[in-house]
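Working notes, structure below.
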Number of protein chains: 2
Amino acid sequence: MNTLELIKKNLDTFSKSERKVAEAILASPQTAIHSSIANLAKIAEVSEPTVNRFCRRLDTKGFPDFKLHLAQSLANGTPYVNRNVNEDDGPEAYTSKIFESTMACLNAAKNGLDVNLINRAVDVLTQANKISFFGLGASSSVAHDALNKFFRFNIPVSCFDDVVMQRMSCINCTEGDVIVLISHTGRTKPLVEVAQLARENDAFVIALTAANSPLAEQSNLVLSLGVPEDTDIYMPMSSRIAQLVLIDVLTTGFTLRRGAKFRDNLKRVKAGIKDSRFEKTED
Amino acid sequence: MNTLELIKKNLDTFSKSERKVAEAILASPQTAIHSSIANLAKIAEVSEPTVNRFCRRLDTKGFPDFKLHLAQSLANGTPYVNRNVNEDDGPEAYTSKIFESTMACLNAAKNGLDVNLINRAVDVLTQANKISFFGLGASSSVAHDALNKFFRFNIPVSCFDDVVMQRMSCINCTEGDVIVLISHTGRTKPLVEVAQLARENDAFVIALTAANSPLAEQSNLVLSLGVPEDTDIYMPMSSRIAQLVLIDVLTTGFTLRRGAKFRDNLKRVKAGIKDSRFEKTED
DNA sequence: ACTAGAAATGAAATAAAACTACAAAAAAAT
DNA sequence: ATTTTTTTGTAGTTTTATTTCATTTCTAGT
């Protein structure tokens with residue numbers, strides 16, 4: 001956990017003098033990591049051993065070790081500011097907050113991911129006869145994005161953000177078809193029904209959704225992103241970014257699995273769209 | 001710059017003994033930051049002053065300061081591993097790499113952003129009669145995403161990923177209309193022409209694209225993301241994520257500018273889609 | 001209100017770590 | 001081959017961190 005946040009949280013468990021140390025550090029973490037123990041003690045108006053004890057109370061080996069931890073948490077992009085946007089935030093504030101909370105979110109998603117499941121998903125995708133990406137609402141743009149990526153592999157792939165089309169597509173499914181369903185909550189009724197329909201027609205259903213959701217239960221393989229819901233206050237933001245990065249991961253896994261021959265294919269697609277571009281001038 | 005990468009880059013500028021130190025650190029950075037200078041000297045099989053000199057050569061004040069820098073760069077998500085995926089990476093490796101390079105990319109984008117321009121863009125958007133989002137290829141999903149967000153504000157907003165529709169839409173533009181063009185490279189010919197057309201019809205053109213590109217030159221306001229191109233090897237990945245986060249930022253700015261009344265609107269939209277969901281069971 | 005006990009704090013001493021000066025060794029240049 | 005320069009390590013010095021222990025400050029029970 002972030003050292004700075006840890007200090008903040010435990011503020012009231014410290015003794016009077018230790019609290020002084022905590023406040024001195026919170027007031028200027030940058031100063032703290034560049035000070036000697038003597039210097040920090042002077043700033044906090046306590047003795048050196050007090051600083052040392054303070055460090056140990058935070059489960060570090062001593063002052064230098066504490067500085068290391070603190071330095072790391074400072075580097076971790078996300079400062080200890082509250083990540084949620086306030087009404088009175090200016091452009092500078094909300095821009096940083098959104099970028100930082102997105103990064104924090106990706107980090108959480110990364111740590112919560114099951115690599116074995118990803119590997120299995122890549123397995124399934126590489127062996128698919130046909131791949132379809134379905135999403136509704138905010139997730140439809142994620143599905144589109146996936147289409148755009150897999151399209152380049154020159155394999156049968158489609159994408160629908162319309163329930164009727166999704167259902168029709170499922171009815172025509174056969175074994176070997178893979179359906180990728182994208183939903184943040186996993187509680188969108190029509191999509192759960194689509195999953196059911198797809199499975200009845202022997203398709204393999206991969207869901208990018210919340211664990212233990214109705215959609216997850218209807219799927220053959222669930223890739224869940226442990227993204228805290230409260231980051232998306234008014235609309236899906238960070239969670240959807242995490243889904244997109246997950247798509248990137250699957251695409252990459254797919255590319256690697258297919259080997260070198262396939263990568264040439266990608267280069268050809270890139271070369272193909274080159275004509276419609278302005279060349280970069282050498283300067 | 002990342003300390004570990006710095007060491008790697010300068011490997012050949014070091015002397016024989018200093019190189020030993022560098023290699024010892026690269027071999028196990030975690031050990032390095034938890035060692036004393038004496039310990040590290042022993043591991044690298046050199047003397048203590050050599051380690052000290054090594055640290056100074058890397059523009060740090062000394063060994064403790066060096067450790068701080070190193071600790072920070074280790075914390076920075078992106079470990080010193082080459083961020084680009086290798087052929088022989090396993091699922092674990094490429095998953096981490098993609099998440100980490102995306103985070104690094106967002107961080108770079110954040111730092112390279114001009115807050116004043118964002119503020120102006122929000123200004124323009126809030127005062128628009130009509131907003132259109134245009135993107136082609138990979139950028140079309142970004143445009144869709146933007147549509148999905150702005151749609152919730154209950155204002156006239158559209159999105160086209162088809163050149164013909166985009167041109168038609170531009171011809172009908174009037175003053176007060178805002179066109180948001182999305183393109184990673186800013187070199188997609190049709191989109192540059194669309195920008196031209198839009199301006200001829202008195203629309204205000206905002207471009208989410210590379211600085212100094214043909215598209216940027218045709219736009220009234222450019223929001224450029226200083227994302228290194230080499231992160232997107234085979235297809236747009238990180239750069240497109242950065243664009244999406246930028247859309248999130250604009251949306252947030254928009255919401256805040258419009259004030260509390262508008263946020264009720266968002267709640268209503270959320271409530272409206274509630275019926276189509278499975279309720280979360282309390283457990 | 002007073003006092004025994006516990007907890008917190010800091011002064012001083014000790015230990016550890018980092019740094020400096022200088023000399024020896026190695027490498028490069030003449 | 002010899003001088004010069006660069007590199008490296010030894011030993012000593014300084015700085016920094018930690019431990020010990022005495023003092024102070026709380027806390028709670030009478």
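Since the structure is predicted, the reported quantities are computational estimates derived from the model, not experimental observations. Here is the naming used below: chain letters follow the sequence lines, and residue numbers restart at 1 for every chain.
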[X] [atom1] to [N] [atom2]: how many Å, rounded?
{"X": "B:I37", "N": "D:dT16", "atom1": "CD1", "atom2": "C1'", "value": "13 Å"}
{"X": "A:F63", "N": "C:dA17", "atom1": "CZ", "atom2": "P", "value": "16 Å"}
{"X": "A:R57", "N": "C:dA7", "atom1": "CZ", "atom2": "C1'", "value": "10 Å"}
{"X": "B:H34", "N": "C:dA17", "atom1": "NE2", "atom2": "C1'", "value": "16 Å"}
{"X": "B:K61", "N": "C:dA17", "atom1": "NZ", "atom2": "P", "value": "20 Å"}
{"X": "B:F66", "N": "C:dC19", "atom1": "CZ", "atom2": "P", "value": "12 Å"}

TODO: Establish, from distance only, whether the side-chain atoms of B:N10 and B:R19 form a donor-acceptor pair under 3.5 Å.
DONE: no

Task: Any side-chain donor near an acceptor of the partner, B:T50 and B:S47, under 3.5 Å - done: yes

Open item on the list: Looking at A:S224 and A:T209, would you say the former's side chain and the latter's main chain have a donor-acceptor pair under 3.5 Å?
Closed with: no

Open item on the list: I'd like to know if the side chain of A:S36 reaches the main chain of A:N39, judged simply by a donor and an acceptor atom lying under 3.5 Å from each other, with no hydrogens or angles considered.
Closed with: yes

Open item on the list: Contact list please: residues 41-53 of chain B against DNA chain D, heavy atoms, distance less than 4.0 Å, in numerical order.
Closed with: B:V46, B:S47, B:P49, B:T50, B:R53

Open item on the list: Please give me every residue in residues 13-21 of chain B whose heavy atoms get under 4.0 Å of an atom in DNA chain D, ordered by residue number.
Closed with: B:S15, B:K16, B:S17

Task: Close aromatic pair by centroid cut-off 6.0 Å: B:F63 and B:F54 - done: no

TODO: Applying salt bridge (Lys or Arg N to Asp or Glu O under 4.0 Å), name anything that partners B:E18, two or more places apart in sequence or on another chain.
DONE: B:R57

Task: Salt bridge B:D248-A:K97, side-chain N to carboxylate O under 4.0 Å - done: no

- [ ] Flag yes if more than 12 heavy atoms outside B:E45 fall under 6.0 Å of its CD atom; otherwise flag no.
- [x] no

